[in-house]
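If you're wondering where the values come from, they're calculated on a predicted model, not measured in any experiment. In the text below, chain A, chain B and the rest are named by the order of the sequence lines, each starting its count at 1.
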There are 2 protein chains.
Amino acid sequence: MFDSIISSIKGFGNFTEEDISLFTSKLQVINLAKNNFLLEEGQVCQSLYFLYEGSVRIYMIDNESDEHTHELLTANDWIIDYESFTSQKPSGYFIQAFHESKILELNVYSLHELIKASASFFRLGKVLGHEFPDYPYKNSLLSPRERYASLLASKPMVIQTFPMKYIASYLGMRPETLSRIRSGIRI
Amino acid sequence: MFDSIISSIKGFGNFTEEDISLFTSKLQVINLAKNNFLLEEGQVCQSLYFLYEGSVRIYMIDNESDEHTHELLTANDWIIDYESFTSQKPSGYFIQAFHESKILELNVYSLHELIKASASFFRLGKVLGHEFPDYPYKNSLLSPRERYASLLASKPMVIQTFPMKYIASYLGMRPETLSRIRSGIRI
DNA sequence: CATATTTATTGATTTGGATCAAGTGCTCAT
DNA sequence: ATGAGCACTTGATCCAAATCAATAAATATG
């Protein structure tokens with residue numbers, strides 16, 4: 001159950017066996033049914049989450065009621081609204097299960113306790129912040145075609161897991177454009 | 001001399017008179033001549049800076065040797081490569097004086113001493129990170145016209161201080177496009 | 001199972017901004 | 001002061017992606 005989250009945190013620093021068992025003792029298990037929300041707009045993100053199994057989408061809704069997909073997450077990804085979590089201000093995002101998902105939760109109080117108990121946990125929240133640069137694909141200086149190629153190379157699971165309309169939104173293009181890119185139409 | 005930086009940090013938390021004088025005792029004064037660099041690509045950002053007087057540009061150079069302006073800073077702005085500062089890894093940016101500038105410097109060691117001395121300083125580095133979202137205008141979902149309007153509304157000094165070619169680069173558009181937007185050409 | 005709705009594909013057209021190009025006016029260095 | 005290069009503007013053209021439109025395929029719902 002905890003194997004995958006343990007290997008994930010080991011990437012963030014050196015942890016003793018005691019650190020690890022303290023860590024796992026703080027975790028809560030969440031079963032999130034398809035389409036249910038882990039966080040809704042206006043709520044404060046109080047926890048770090050680890051997606052053990054399933055798939056999760058983070059999106060916002062703009063003034064014209066259009067959805068913009070911010071993150072598409074699959075097994076072994078961390079889930080957080082880093083901005084809301086660190087500032088403890090209301091989130092602008094919805095975090096929703098796309099498939100039925102099993103999620104491990106570490107709340108902010110537990111994280112503080114871990115940090116008090118072992119300096120190794122200090123970098124955890126910080127490192128996770130760096131794992132989530134805003135709009136990694138959308139913002140970039142890359143063309144739509146290059147953004148898709150980059151996603152395909154770095155996160156093939158995302159493409160296998162989510163519908164094309166969400167992937168298009170995540171990549172900052174229209175579904176028609178993504179469809180044409182995938183069909184290999186010449187420039 | 002220190003008035004403006006003192007009012008700036010007061011916005012980040014409650015500081016006692018002792019906090020403030022300890023803080024100012026740690027500051028170094030830098031006079032940076034026009035076109036000189038505060039930081040060059042490959043160097044690690046070791047300090048927080050406060051632009052007391054003058055103007056500073058942060059930019060990167062891409063693989064095609066094209067410059068991309070990342071930040072345009074005027075009096076009373078903080079200056080930092082947050083990513084390099086927190087990770088202590090080499091910066092990808094150049095930080096250069098556009099006009100002759102007076103800058104106050106607080107290095108990372110002094111910041112750590114301040115944090116040890118008073119918990120109020122703990123949020124300083126963190127808050128500054130939030131002051132610098134990556135590419136606030138470039139990334140956005142806004143059109144070039146809207147990005148310019150947004151800059152004009154929120155940072156008119158930037159438009160008065162820097163040449164249009166840098167503003168265009170900062171806003172992620174070509175100088176010709178910015179010129180046309182400013183001339184009020186209909187869509 | 002049947003039908004309604006959503007998702008994906010494909011085609012035609014439009015369009016915003018880039019690119020290419022030329023001319024004007026500054027600035028800075030000699 | 002003078003000339004060489006920048007910076008900015010303006011015009012013409014091009015192009016990638018958006019938009020509009022229609023259909024097919026997949027999925028959900030009664």
Side-chain angles (χ1 to χ4, degrees), chain A residues 33-36 54-55 57 59 61-69 72 96-100 135 137-152 158-187, chain B residues 33-36 54-55 57 59 61-69 72 96-100 135 137-152 158-187:
Chain A
K34 185 177 169 62
N35 295 327
N36 279 17
S55 64
R57 183 169 72 106
Y59 65 93
I61 297 180
D62 71 15
N63 298 331
E64 281 77 39
S65 304
D66 291 325
E67 283 185 9
H68 298 273
T69 294
L72 293 172
Q96 187 181 31
F98 178 64
H99 294 109
E100 183 174 12
Y135 289 72
Y137 297 99
K138 208 169 286 190
N139 296 341
S140 76
L141 308 162
L142 303 175
S143 69
R145 185 176 301 276
E146 291 168 321
R147 297 203 294 278
Y148 176 72
S150 164
L151 181 66
L152 186 60
V158 165
I159 292 170
Q160 290 164 39
T161 304
F162 294 94
M164 288 301 131
K165 62 168 188 166
Y166 292 151
I167 294 170
S169 172
Y170 177 54
L171 293 172
M173 67 184 75
R174 309 260 71 207
E176 294 94 323
T177 300
L178 178 57
S179 174
R180 283 184 246 265
I181 286 172
R182 284 165 55 84
S183 80
I185 276 181
R186 55 236 141 269
I187 305 176
Chain B
K34 184 175 170 64
N35 295 328
N36 279 16
S55 63
R57 183 169 73 107
Y59 64 95
I61 297 180
D62 70 16
N63 298 331
E64 282 78 37
S65 304
D66 292 325
E67 283 184 12
H68 298 273
T69 295
L72 293 171
Q96 187 182 29
F98 179 64
H99 293 108
E100 184 175 10
Y135 290 71
Y137 297 100
K138 208 168 286 190
N139 296 342
S140 75
L141 308 163
L142 303 175
S143 69
R145 185 176 301 277
E146 291 168 321
R147 296 203 294 277
Y148 176 72
S150 165
L151 182 65
L152 186 60
V158 165
I159 292 169
Q160 290 162 40
T161 304
F162 293 93
M164 287 303 131
K165 63 168 186 166
Y166 292 153
I167 294 170
S169 172
Y170 177 53
L171 293 173
M173 67 184 76
R174 309 261 73 207
E176 296 94 321
T177 300
L178 179 58
S179 174
R180 283 184 247 264
I181 286 171
R182 283 166 55 85
S183 80
I185 276 182
R186 55 235 140 271
I187 304 177

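Rounded to whole Å, atom C1' of dG17(C) lies 16 Å from atom CG of Leu142(B). Nucleotide dT19(C) holds its P atom 12 Å from the CD atom of Glu64(B), rounded to whole Å. Atom-to-atom, CG of Leu178(B) to P of dA18(C) comes out at 10 Å; the value is rounded to the nearest Å. We find that CD1 of Ile167(A) is positioned 12 Å from C1' of dT7(C), with the value rounded to whole Å. The nearest whole Å value for the distance from the CZ atom in Arg174(A) to the P atom in dT10(C) is 18 Å. As rounded to whole Å, 13 Å separates atom C1' of dG16(C) from atom CD of Glu146(B). One can place CG of Asn35(A) at 10 Å from P of dA28(D), the figure rounded to the nearest angstrom. Straight-line distance from the CZ atom of Arg145(B) to the P atom of dT15(C): 15 Å, rounded to whole Å.
Residue Tyr148(B) is tested with Thr177(B), Leu178(B), Leu142(B) for a side chain to side chain contact (heavy atoms under 4.5 Å, CB included); the sole match is Leu178(B).
Listed here is the closest heavy atom pair of Pro144(B) and Met173(B): O-CE, 3.3 Å. Tyr166(B) approaches Leu72(B) most closely through the heavy-atom pair O-CD1, 4.0 Å.
Among residues two or more places apart in sequence or in another chain, the ring pair (Phe, Tyr, Trp, His ring centres under 6.0 Å) test is passed with Tyr59(B) by Phe94(B). By the side-chain hydrogen bond (donor to acceptor under 3.5 Å, both in side chains) test, Glu146(A) pairs with Ser143(A), sequence neighbours left out. Every salt bridge (charged side-chain N to carboxylate O under 4.0 Å, His left out) that Glu67(B) has, sequence neighbours left out, goes to Arg57(B). A search for side-chain hydrogen bond (donor to acceptor under 3.5 Å, both in side chains) contacts involving Ser55(A) returns His99(A), not counting sequence neighbours.
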Q: Let me see the working for Thr69(B) and Phe162(B) under side-chain contact (heavy atoms from CB on, under 4.5 Å), right down to the final yes or no.
A: CA-CA 11 Å; Thr69(B) 295; Phe162(B) 293 93; over 6 Å; no
Q: Go through Ile159(A) and Arg182(A) one step at a time and tell me if the side-chain contact (heavy atoms from CB on, under 4.5 Å) criterion holds.
A: CA-CA 11 Å; Ile159(A) 292 170; Arg182(A) 284 165 55 84; 3.8 Å; yes
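Contact annotation: Ser179(B) does not reach the phosphate of dC8(D) (side-chain N/O to OP1 or OP2, under 4.0 Å).
Taking the nucleotide of DNA chain C with the nearest heavy atom to each of Lys34(B) and Met173(B), the more 5' of the two is matched to Met173(B). Residue whose closest nucleotide on DNA chain D sits further toward the 5' end, between Tyr166(B) and Thr177(B): Tyr166(B).
Comparing the axis of the opening five pairs of the helix from dC1(C)-dG30(D) to dT30(C)-dA1(D) with that of the closing five pairs yields an angle of 50°, rounded to 10°.
Nearest to the side-chain atoms of Lys165(A) among the listed nucleotides dG17(C), dT10(D), dT7(C) stands dT7(C). For Pro163(B), taking side-chain heavy atoms from C-beta onward, the closest of the listed nucleotides dT10(C), dC8(D), dT7(C) is dC8(D).
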Under 3.5 Å between N/O atoms: give me all the protein pairs with nucleotides 20-25 of chain C, atom names plus distance.
unit_1: dC20(C); atom_1: N4; unit_2: Glu176(B); atom_2: OE2; d: 3.1

